[in-house]
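Report on the structure given below.
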Amino acid sequence: MLDLRLYMLQRISALVMAPLTLGHIAVMIYAVQGGLSAEEILGRTQGSAFWFLFYGSFVLAVSVHAAIGLRVIVHETFGLRGVRLTSVTWGIGLLLLSLGAQALVAVTWPGAV
Amino acid sequence: MTRDIEWHDTDILILGTGGAGLFAALHAQQAAPTGTRITIAVKGLIGKCGCTRMVQGGYNVALGTGDTVARHFMDTIEGGKWLPNQEMAWRLCEQAVVRIRELENEIGCFFDRNPDGTLHQKAFAGQTADRTVHKGDLTGIEIINRLMEQVLSRPVEKLQEHRAIGLIPTKDGSALAGVLMIDMRTGRFRFVRAKTVLMATGGGPTMYKYHTPSGDKTMDGLAMALRAGLPLRDMEMVQFHPTGLLAGEHSRMTGTVLEEGLRGAGGQLLNAAGQRFMFDYDDKGERATRDVVSRGIYAEMRKSNDPDQVGMFISMAHLGPDTVRKKFTGMVKRCEDSGFDLAGGLVEVVPTAHYFMGGVMVDVDTRTALEGLYVAGEDAGGAHGSNRLGGNGVANSTVYGGIAGDTMGKDIRSMRCLRDPDDAVLMAEYDRAVHPLRQTPDLVQPLRNRLQEAMWEDVGVMRTADSMRRGLDRIAGIRQDLMQVGVASDNLAFNLTWHDWLNMASLCDVSDVIARAGLARENSRGAHFREDYPAPGDMKASYFTIAQQAGDKVNVTREAVEFSIVKPGETILPDGEPETLVAAQ
Amino acid sequence: MDGQKDTLEVSVWRGTSSGGDFERYEVPAEENQTILDVVSWIQHYADATLTYRFACRVGMCGSCAMMVNGRPRWTCRTHVRKVLQGRRVEIAPLRNLPVIKDLAADMDVFFDKWVAAGGAHAPTAGRNDPIPPVDPQDSTRVTASAGIECINCAICYAACDTVTGNADYLGPAALQRAWTLFNDSKHDRRAGILDAVSGSGGCHNCHSMGSCTVFCPNDLDPMSAIAGLKRETSRRFWRKGG
Amino acid sequence: MAGGRMRPSRAHPLWLAYVLHRVSGLGLALFLPLHFWVLSWALTQPQKLNQFLSFAEQPVVKISEFGLVFLLAVHVFGGLRLMAMEWLPWSAPQKTLAAGAVGVAFLVSGTFFLQVV
Ligand SMILES: Cc1cc2nc3c(=O)[nH]c(=O)nc-3n(C[C@H](O)[C@H](O)[C@H](O)COP(=O)(O)OP(=O)(O)OC[C@H]3O[C@@H](n4cnc5c(N)ncnc54)[C@H](O)[C@@H]3O)c2cc1C
Ligand code: HEM
Ligand code: SF4
Ligand code: F3S
Ligand code: FES
């Protein structure tokens with residue numbers, strides 16, 4: 001149930017995420033090491049265009065990537081196909097996107113707190 | 001039991017999916033008018049059964065660098081000890097050139113190349129030029145896989161696991177109406193009418209204790225042709241390969257080929273005492289031709305006559321186990337999988353029945369005496385005479401399979417309609433097939449073992465009039481017992497034991513003919529060796545045997561070979577041509 | 001020789017497409033014995049109705065593949081000694097294919113997919129043309145030759161879990177054949193192959209789980225062949241922009 | 001059903017790598033929405049986020065966090081391994097690569113873990 005198009009989307013989104021996740025882990029290590037509190041972290045990220053783009057692209061990529069990944073698992077495990085499979089894919093993607101967008105706003109929007 | 005037969009119509013019906021059957025399907029499709037229905041029926045799965053797939057050594061074809069069709073032809077005639085039908089042998093050599101190009105260019109085979117990109121060719125024993133095209137030692141896989149793909153991707157009707165059991169003529173007997181089959185998967189009967197039928201079921205001398213052909217081949221085609229009253233030629237000619245694996249009676253590996261190249265590379269044959277013996281029989285020792293080595297091994301086996309130590313041994317270790325492993329990777333691995341160490345140890349071998357030169361009499365266009373019936377491949381007799389050269393087997397099946405397709409495609413244009421079968425024959429064939437279902441069930445396999453012993457001992461590598469008469473008696477006894485052995489009829493779907501029974505029926509019928517034809521040939525030629533008539537006889541007075549069934553009786557007659565192209569003692573090669581182009585080893 | 005023979009305890013799956021179960025047989029043990037010999041013995045001497053399939057007996061035709069102790073194997077070349085667990089062995093029809101009866105699977109889907117993957121040669125020359133020279137050491141040719149000895153036994157197909165879950169997936173053997181043809185300079189529809197393997201059942205479904213390569217009895221490497229197809233289709237994707 | 005005939009046995013390094021990739025992908029996909037949800041508290045209920053973060057100081061939670069980072073690392077390096085074998089023309093010794101990917105994943109998540117405690 002993966003044609004070339006979905007395959008490319010999944011690989012491209014993965015490639016986008018790879019540096020982002022590693023960067024994120026690095027930031028987390030740094031943050032924990034420096035004993036930063038939630039306020040301190042948010043203070044740095046909120047209002048920063050850089051972090052908005054950083055996490056923004058992650059949210060976008062992960063929605064696409066995970067939706068396709070779960071689509072494959074759902075097809076291979078439960079045999080779903082056709083319209084139902086497509087709606088499941090979109091459903092997962094949109095769910096992740098909306099949750100992700102909320103988190104993104106919370107973390108990077110200027111003066112959110 | 002009601003005679004429940006489903007009818008099915010087609011235009012061109014092909015039996016068998018070896019080199020002959022698959023090529024016929026492709027050529028028929030090219031030659032027949034559009035809209036012609038083509039059906040291919042086979043005892044196993046398309047392309048996965050039969051012997052063409054098992055071809056190791058390769059494909060003989062004269063492609064230049066000194067080699068010519070004339071030279072290939074002369075080798076074929078001399079190898080066949082002047083018995084081949086010369087027109088057929090010529091056509092074989094001539095068309096092989098076209099067919100190999102077709103295989104490479106149209107079918108998509110890839111044969112081994114020289115470093116400069118040209119085809120690699122080598123020489124099998126008995127050839128005077130490097131002529132054999134090959135793909136490693138798995139040539140048949142390449143040929144059949146490519147042919148199979150072509151047929152699978154075309155609109156040819158496929159009847160897989162359909163076994164042909166009877167050729168059904170028209171009421172007046174002038175032509176063929178169709179073929180009665182068993183759909184093996186369901187166990188139901190199906191009568192397929194067709195305007196033309198190609199029989200390409202590939203012979204297969206599996207009535208010998210040791211044999212190389214695939215398990216599906218049991219001489220069904222020749223047994224059907226015999227019952228249909230068609231003349232069969234050269235039926236005494238059974239080729240033995242000298243080195244079949246001996247793994248015990250319980251194993252299907254027994255009889256399978258250890259390749260010719262082992263001896264060519266310096267492999268030694270040893271007896272139980274560990275001594276080489278082939279030089280006692282021939283100056284060339286282990287490198288002598290197949291028939292000579294087979295007889296050498298057989299004679300040595302008879303001398304030792306030890307029931308616990310039946311075969312002789314092939315030994316490669318003196319060449320260095322690592323070298324052997326490298327040069328014969330596939331063979332070493334195969335032996336290893338079955339528990340033998342070819343590279344470093346001894347492997348027990350016996351001569352093993354390999355190829356059947358005899359077959360239905362056909363013209364050079366594969367037509368038979370019965371209108372609508374065509375025969376090609378190992379089922380057809382004539383091209384090889386008393387001996388088939390290594391590499392001429394696939395050439396024969398692919399060349400004549402293609403010709404059959406062309407011929408049927410052409411002939412069908414003048415055949416308006418399907419013919420009606422002779423109901424009496426149809427019913428008789430049906431009854432023959434269900435006979436065991438009406439007897440008390442019993443084991444079939446012991447009878448197969450008995451037949452294989454009888455043929456090996458009495459109608460095998462070396463024969464005498466006495467042994468063959470004894471063989472005939474034994475066959476008759478086995479046949480009688482077979483008629484008493486039943487198969488439970490409660491589940492006929494994919495019932496292998498029923499088919500074993502039918503296999504036995506075919507094998508008994510043809511075994512009987514082999515012995516009779518063997519009695520009729522009172523000399524020794526090629527594969528046929530009579531201890532009571534060891535001389536080859538006058539070449540100029542060469543005759544071939546023709547066996548034909550009339551009523552319940554099989555008559556064997558002799559007919560003089562027609563030297564239509566070359567006479568014994570002469571050659572068609574230009575003056576001054578060297579005897580051989582193969583560099584001495 | 002030694003009068004009393006050892007026996008093997010053999011469980012064989014019996015049934016049809018509508019269901020079945022394992023049945024137990026005692027089979028005499030022999031020095032040289034393959035799984036095919038075991039199955040044949042049962043049919044010859046113990047249960048005349050047992051169905052299985054074989055032809056060549058030597059690993060060339062790929063008709064005899066079955067599940068042996070849960071692993072797909074060519075039974076004519078599988079020595080009993082290699083698979084025996086104590087005295088026991090369990091034999092079932094090939095996985096991922098419909099059963100016809102007992103140990104005989106229906107291979108039609110497998111071959112349909114072979115064709116669907118573009119697995120038949122398309123000629124660039126005819127029978128009256130000379131055979132084109134091909135450098136056997138040329139790297140493209142070497143790639144093509146790597147998969148050429150496939151015997152279409154469907155062992156890889158039975159080993160692949162993706163096939164189990166995804167009925168449309170063309171499977172390793174068919175895709176390997178496509179890759180071989182893609183690298184065959186004599187093949188005419190090389191671009192067509194990339195189309196044939198890019199659909200919803202195509203090469204992109206492969207998760208590189210590698211069971212095909214691990215279990216192939218001929219030591220072929222369908223996994224890498226499929227990776228080759230993914231690479232070429234991706235490359236074309238970038239060039240053509242989808 | 002075909003699968004019911006027999007349990008297939010197929011444990012070998014590449015297959016295990018595949019299972020690991022799938023399980024980690026699935027794990028991440030289940031965890032991520034949760035993660036997003038918690039983060040969005042920053043906007044709506046900041047005090048709840050802080051509560052959560054102090055809750056996250058507990059050792060059990062630390063260990064499961066390690067698990068998460070491990071999953072992420074395994075999945076990322078597994079994914080990179082896959083894309084390398086699919087797209088780079090070398091014929092890589094697959095098993096080594098698979099083992100290597102898991103190794104690196106351990107390293108990264110291990111570092112994370114050490115830093116955290
Ligand atoms: C081990 C081995 C190695 C060989 N090596 C070489 C070699 O190197 N070079 C060479 O030239 N020759 C070789 N030969 C010989 C060569 O394989 C055969 O001569 C040739 O392939 C025969 O082709 P065919 O099409 O006539 O028959 P086959 O390829 O045998 O095909 C016969 C077909 O008919 C089917 N069939 C049989 N009975 C029935 C029935 N009742 N109903 C329906 N279908 C039926 C079979 O299932 C099969 O599909 C070798 C043979 C063997 C056994
Ligand atoms: C950040 C870098 C990531 C990379 C490089 C990556 C890479 C990949 C790749 C190559 C696949 C395809 C596997 C296959 O076809 O067998 C895949 C599958 C998958 N990924 Fe990721 N991924 C990443 C992040 C994520 C994240 C964050 C999630 C979770 C939200 C995720 C969830 C999945 C899922 C569910 C699958 C399907 C697994 C399967 O088909 O077996 N991935 N990933
Ligand atoms: S690739 Fe190997 S396992 Fe798969 S069908 Fe071909 S020979 Fe069999
Ligand atoms: S086992 Fe299946 S998933 Fe791919 S690597 Fe082989 S085809
Ligand atoms: S019987 Fe041909 S591969 Fe096993």
Side-chain angles (χ1 to χ4, degrees), chain A residues 7 10-15 17-22 24-39 41-42 45-46 55 58-59 62-63 65-74 76-77 92-93 95-109 111-113, chain D residues 1 21-54 56-57 62 65 68-73 75-84 86-87 104-105 107-117:
Chain A
Y7 166 89
Q10 200 191 32
R11 298 306 190 258
I12 293 167
S13 56
L15 279 181
M17 279 188 295
L20 298 181
T21 40
L22 292 178
H24 179 68
I25 295 179
V27 168
M28 285 301 113
I29 290 176
Y30 168 74
V32 171
Q33 210 173 17
L36 294 182
S37 72
E39 281 81 6
I41 299 177
L42 290 175
T45 52
Q46 284 175 343
Y55 287 112
F58 178 82
V59 167
V62 87
S63 309
H65 181 88
I68 298 174
L70 290 175
R71 166 196 170 89
V72 170
I73 296 180
V74 163
E76 288 182 15
T77 318
I92 296 170
L95 181 77
L96 277 171
L97 195 62
S98 70
L99 285 171
Q102 266 178 291
L104 181 68
V105 167
V107 174
T108 64
W109 212 247
V113 180
Chain D
M1 192 43 231
H21 194 75
R22 172 156 292 192
V23 169
S24 59
L26 199 58
L28 288 172
L30 292 179
F31 156 78
L32 212 60
L34 209 74
H35 188 61
F36 285 155
W37 183 50
V38 168
L39 280 176
S40 55
W41 289 343
L43 196 61
T44 50
Q45 297 152 296
Q47 71 288 11
K48 228 174 151 183
L49 179 63
N50 268 330
Q51 272 170 26
F52 180 81
L53 286 178
S54 48
E57 287 298 312
K62 279 260 145 84
E65 234 171 87
L68 247 150
V69 176
F70 177 67
L71 278 191
L72 187 60
H75 190 81
V76 172
F77 287 104
L80 290 174
R81 169 192 77 92
L82 275 173
M83 287 187 281
E86 285 173 357
W87 286 347
V104 176
L107 208 74
V108 171
S109 48
T111 318
F112 177 78
F113 187 60
L114 284 179
Q115 300 300 342
V116 170
V117 287

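Only a predicted model underlies this, so the values are computations on that prediction, with no experimental measurement involved. Naming convention: chains lettered A, B, ... in sequence-line order (proteins, then strands); numbering from 1 in each chain.
- A:Tyr7 touches chain D through its side chain: at least one heavy atom from C-beta onward sits under 4.5 Å away, while N, CA, C and O do not.
- To the nearest 0.5 Å, atoms CG (A:Leu70) and NE2 (A:His65) are separated by 9.0 Å.
- For the options A:Gly100, A:Ala67, A:Ala66, A:Ala26, heavy-atom pairs under 4.5 Å to chain D are most numerous at A:Gly100.
- Between D:Arg22 and A:Glu76, at least one side-chain N (NZ, or NE/NH1/NH2) sits under 4.0 Å from a carboxylate O, which counts as a salt bridge.
- Ranked by heavy-atom pairs shorter than 4.5 Å toward chain D, the options A:Leu104, A:Ile92, A:Leu95, A:Leu15 are led by A:Leu15.
- Proximity to chain A is limited to the side chain of D:Trp87, based on heavy atoms less than 4.5 angstrom apart.
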Mind running side chain to side chain contact (heavy atoms under 4.5 Å, CB included) on A:Val62 and A:Met17 for me, showing each step along the way? CA-CA 7 Å; A:Val62 87; A:Met17 279 188 295; 3.6 Å; yes
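- Rounding to the nearest 0.5 angstrom, the gap separating the CZ atom in A:Phe58 from the OG atom in A:Ser13 is 10.5 Å.
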